[in-house]
Amino acid sequence: MTITKRELKILKFVYAKKTVSYQKLSKKFHRYPDLHDIVESLVYHQYLIQIGGYRNNLGSPIPIVNDTLFSMAPLGSAETESKQWFNLQFVLLQIIL
């Protein structure tokens with residue numbers, strides 16, 4: 001899956017907050033009319049973890065509501081960290097050099 005700028009912004013927000021409810025995501029990204037679909041796609045492709053699981057015992061998807069919590073999956077963390085080139089470590093290294 002290729003990560004778009006919108007998806008990367010969502011991943012960075014969740015990365016910074018550790019655990020985020022869908023309500024906070026919808027307030028922050030209220031300009032994205034397809035936010036629900038983007039979040040579902042990130043969960044499906046294992047960039048985000050839907051706390052409590054995203055499928056029930058019968059295999060059907062659990063609906064995303066305002067109280068649904070999300071956190072970073074290892075794949076999402078790796079993708080976010082690979083796109084961050086300007087961080088504290090970079091600044092300190094440049095000052096030292």
Sequence neighbours left out, what passes salt bridge (Lys or Arg N to Asp or Glu O under 4.0 Å) with Asp34? Give chain and number order. Arg6
Would you compute the distance between atom NZ of Lys27 and atom CD of Gln23 and round it to the nearest 0.5 angstrom? 4.5 Å
Got a donor-acceptor contact below 3.5 angstrom from the Ser41 side chain to the Asp37 backbone? no
Nearest-0.5 Å distance that lies between atom CD in Glu40 and atom CG in Leu48: 12.0 Å
Taking ring-ring contact (aromatic ring centres under 6.0 Å, His included) as the definition, give me every residue that meets it alongside Tyr32, ordered by chain and number, with sequence neighbours left out. Phe29
Take atom NZ of Lys12 as the centre, draw a 6.0 Å sphere, and report whether it contains more than 12 heavy atoms from other residues, nucleotides or ligands. yes
Can you tell if the side chain of Leu25 reaches within under 4.5 Å of the side chain of Val14, non-hydrogen atoms only? yes
Stepwise side-chain contact (heavy atoms from CB on, under 4.5 Å) check, Ser21 with Asp67: CA-CA 6 Å; Ser21 69; Asp67 295 336; over 6 Å; no
Do Leu35 and Ser26 have side chains that approach each other closer than 4.5 Å (heavy atoms only, starting at C-beta)? yes
Between Val20 and Lys17, is a side-chain contact (heavy atoms from CB on, under 4.5 Å) present by the stated rule, with each step listed? CA-CA 6 Å; Val20 178; Lys17 300 290 184 184; 3.4 Å; yes
Backbone N/O of Leu42 and side chain of His45: donor-acceptor pair under 3.5 Å: no
Go through Thr4 and Ile38 one step at a time and tell me if the side-chain contact (heavy atoms from CB on, under 4.5 Å) criterion holds. CA-CA 10 Å; Thr4 63; Ile38 293 172; over 6 Å; no
Does any N or O in the side chain of Glu81 come within less than 3.5 Å of the main-chain N or O of Ala78, such that one atom is a donor and the other an acceptor? no
Could you grab the distance from atom OH of Tyr47 to atom CG of Leu75, nearest 0.5 Å is fine? 4.5 Å
Could you check whether any side-chain heavy atom of Phe70 comes within less than 4.5 Å of a side-chain heavy atom of Thr19, counting everything from C-beta outward? no
State, yes or no, whether a side-chain contact exists between Ile49 and Met72 at a heavy-atom distance under 4.5 Å. no
